[in-house]
Amino acid sequence: MLTMQPVILRGRSQLAFGTQEFAERVAALQQELSVLGLDAAVAFGDARNYAPLTWVTGLVPMLKWAVAVTPAVGETELYLAMPGVRDLPRMNKLAVAGSIAPIGALSAALARFDRVALAGGHAMRAASESMIRQATATVDGDSLFAKLMEAPSEREREVLRLAATTADASATTTLDAWARGEAASEALLCGDLSARRAGMHDVRILFSLDGGLTLRPLAPGATERRRPLVFYIAVETGGYWGEALRSTGGGQVPQPLAPMARLGLSVDELGTGRVTPGVYSHRELDDTGTPSSRIEEVH
Amino acid sequence: MRAAEEISAARADVTGHPDAINFEPDWIVALHDGFHSYLEVNPVFAATGVKTIGEAAAIIGSDGTTMLLAAPAWDETRLIQQAPCEVLACNDVPAALQSRVSGRLAVRGLDDVSVRFREVLAHCELVLIPSDTDRPKTIAELAAARRASEIAEQAYAELLAFLEPGIAEYELVAQLDVDVRRRGADDHFVLCSSSAAGDNVRAPTDRIIESGDVVNIEISPSVDGQFVQLCRTVVLGRASAQRRNDYELITAALREGMNAARPGVTVAEVVSALDSPLFQAGLGEYCRPPHIRVRGHGQGLASLSPGDITFDNQTVLIDGMMFTLHPNQRFPESGYMMCGEPIIVQPGGAMALTSRRPQLDEC
């Protein structure tokens with residue numbers, strides 16, 4: 001779900017996975033490159049669109065964008081568009097790669113290759129696109145990565161469960177704050193804070209004060225207490241999202257969120273489809289198997 | 001919402017550039033990808049005063065008529081409420097733009113959006129104009145900056161009350177961030193660090209803050225799209241005499257820099273004045289990369305004038321320019337410490353927007 005992009009992701013930052021899983025992913029990617037006769041895989045990601053980048057490095061870009069280059073033979077190289085080089089050394093606590101360098105080194109790195117698979121290219125800006133395409137010939141890499149990302153690991157399923165249950169808990173915190181008499185902004189900030197204290201890397205909120213007819217991003221000054229407060233909370237950890245959609249009493253599902261409300265998928269059901277970084281999940285089915293993504297009332 | 005006349009003044013960044021004027025364009029086009037950046041100008045925001053959720057284009061006709069094209073379509077109600085111009089909310093901004101402009105276009109931000117924008121404008125004659133100009137802040141921007149500075153100071157005072165050993169870095173930042181937004185900020189750029197020795201700020205981790213730690217923090221709230229920044233250092237416990245002496249050096253550096261920041265002076269001259277106490281103390285090596293990045297920077301979203309505060313920036317300061325001045329510094333024994341203020345250039349020397357000068361706090 002598209003939400004207002006903050007200038008920086010402010011939540012807990014940590015490595016998404018360890019060196020063992022990283023080695024397995026790189027090996028699988030290099031196996032595919034060998035079969036396809038390609039020299040390297042190039043995964044582009046920015047702070048909103050990052051599935052292939054995050055899959056291969058664990059990095060969710062806090063700022064701007066980044067590119068992971070995995071040669072058919074050799075180590076993955078990560079190139080970061082950052083304001084300065086001073087911060088590069090500590091990036092190894094947020095990403096797994098053989099090397100980390102500023103984005104200015106990318107063109108020379110790509111010039112080593114004749115033909116690369118480019119994934120995430122739909123999100124590129126003109127400047128980054130010309131940097132990559134001028135350096136080397138590219139073929140579609142999205143389908144290559146889609147194949148690799150198809151079956152979620154047990155670790156990924158646990159991360160999804162954590163995201164989903166945290167979104168649920170944060171929504172409950174918001175409802176509790178509303179029930180105490182807090183205004184809309186304050187109630188939503190209570191939910192936001194609970195998610196961040198639970199260690200979420202990112203939290204996004206949309207809400208409606210007209211019963212679900214319109215949606216807006218959380219902004220200061222929503223002091224109303226007009227019922228119902230319809231709201232959406234999404235939380236991210238390790239590149240995976242959980243969502244919750246709630247109402248303080250009635251209202252309608254906002255039209256942009258209708259697809260979410262129709263889905264009542266459990267995390268187990270998601271396992272039969274493709275689960276990728278950046279894909280939104282939904283909270284687990286309860287014990288009776290009742291879909292969870294519905295408008296609930298709070299008294 | 002910013003007043004229309006304030007937006008017109010800020011929009012002069014877009015329309016008043018010599019390249020735009022000399023080209024005699026049929027349209028001036030500002031483009032943005034919806035990724036709001038603390039260190040980059042948002043030309044659509046500069047033209048309209050609106051932060052969009054997705055891609056956006058502001059088109060200004062030769063008669064001054066302005067239209068905002070922005071994604072997603074469902075954001076229409078909010079955009080119409082906030083924009084001082086006609087709004088088209090849609091899910092395909094490049095396509096909407098293609099049908100509305102032709103002829104000669106002066107464009108800002110073309111390299112920072114998807115390549116589709118270049119494709120849909122292929123039928124036009126383009127001149128690319130820079131995304132920023134050197135100018136003072138408008139009255140509304142200064143008012144927003146003052147409010148943001150109040151928020152930053154109040155939130156910092158509150159942080160001193162709840163900062164204690166045993167709290168994780170990310171919990172500290174979570175509390176601070178929500179507090180900043182609870183007080184009225186619409187966005188917040190925040191980095192911190194905690195260590196025994198004094199580290200550069202970074203994204204918050206799950207490190208547990210300990211007694212004796214040095215906590216460095218950047219608090220950078222935004223009000224109506226106008227950012228300010230406070231940089232502070234806190235010691236959990238008693239600071240050593242060496243650390244206190246070193247911190248006095250950087251507060252002295254800040255005073256020298258502020259005193260030098262007057263109309264007609266270059267940014268480089270301000271940095272020279274700021275660095276002088278540190279050079280005199282034999283720390284000149286530590287006043288350059290890689291030990292520091294910059295000595296401050298402009299504050300967006302509409303303009304980052306006068307740019308990065310560096311020893312080689314020859315931009316001449318103008319009365320009313322606002323930027324952050326921060327002699328954040330690494331010391332051989334005390335590590336990295338932070339001291340920074342939002343300041344306004346004035347004839348008698350810069351004035352800080354805050355009410356309390358930085359000091360090495362202990363808690």
When [options] are compared by non-hydrogen pairs under 4.5 Å with chain A, the top option:
options                          : result
E171(B), E40(B), E76(B), R118(B) : E40(B)
Q175(B), E169(B), R183(B)        : Q175(B)
A174(B), A71(B), S37(B), G34(B)  : A174(B)

Looking only at heavy atoms and a cut-off of under 4.5 Å, which of L9(A), D46(A), T214(A) has the most pairs with chain B? D46(A)

In terms of heavy-atom pairs under 4.5 Å with chain B, which of A123(A), P217(A), A219(A) leads?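 Top option by heavy-atom pairs under 4.5 Å: P217(A).
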
Under 4.5 Å from any heavy atom of chain A - which part of [X]:
X       : result
L110(B) : backbone
T52(B)  : backbone
P289(B) : neither
V173(B) : side chain
T205(B) : both
A168(B) : neither
D177(B) : side chain
F227(B) : side chain

Under 3.5 Å donor-acceptor, T173(A) side chain and A169(A) backbone: yes

[Y]/[X] salt bridge by N-O under 4.0 Å criterion:
X       : Y       : value
K51(B)  : D187(B) : yes
D202(A) : R204(A) : yes
R147(B) : D224(B) : no

Given a strict heavy-atom distance threshold of 4.5 Å, which part of L213(A) is in contact with chain B: side chain, backbone, both, or neither? neither

Region of M124(A) that comes under 4.5 Å of a non-hydrogen atom in chain B: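 Interface part for M124(A): backbone (N, CA, C, O).
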
List for me each residue that meets ring-ring contact (aromatic ring centres under 6.0 Å, His included) alongside F44(A), sequence neighbours excluded, and say none if there are none. W65(A)

Walk me through it: do D308(B) and R295(B) pass the test salt bridge (Lys or Arg N to Asp or Glu O under 4.0 Å)? CA-CA 8 Å; D308(B) 283 344; R295(B) 287 310 201 185; over 6 Å; no

Does the ring of Y170(B) carry R197(A) above it, NZ/CZ under 6.0 angstrom from centre and within 45° of its axis? no

Looking at F35(B), is R48(A) sitting on its ring face, NZ or CZ under 6.0 Å from the six-membered ring centre and within 45 degrees of the normal? yes

Report yes if the distance between the aromatic ring centroids of F231(A) and F207(A) is under 6.0 Å, otherwise no.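 F231(A) vs F207(A): aromatic centres not under 6.0 Å.
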
Tell me the side-chain hydrogen bond (donor to acceptor under 3.5 Å, both in side chains) pairs involving residues 181-191 of chain A, sequence neighbours left out? E186(A)-R182(B)

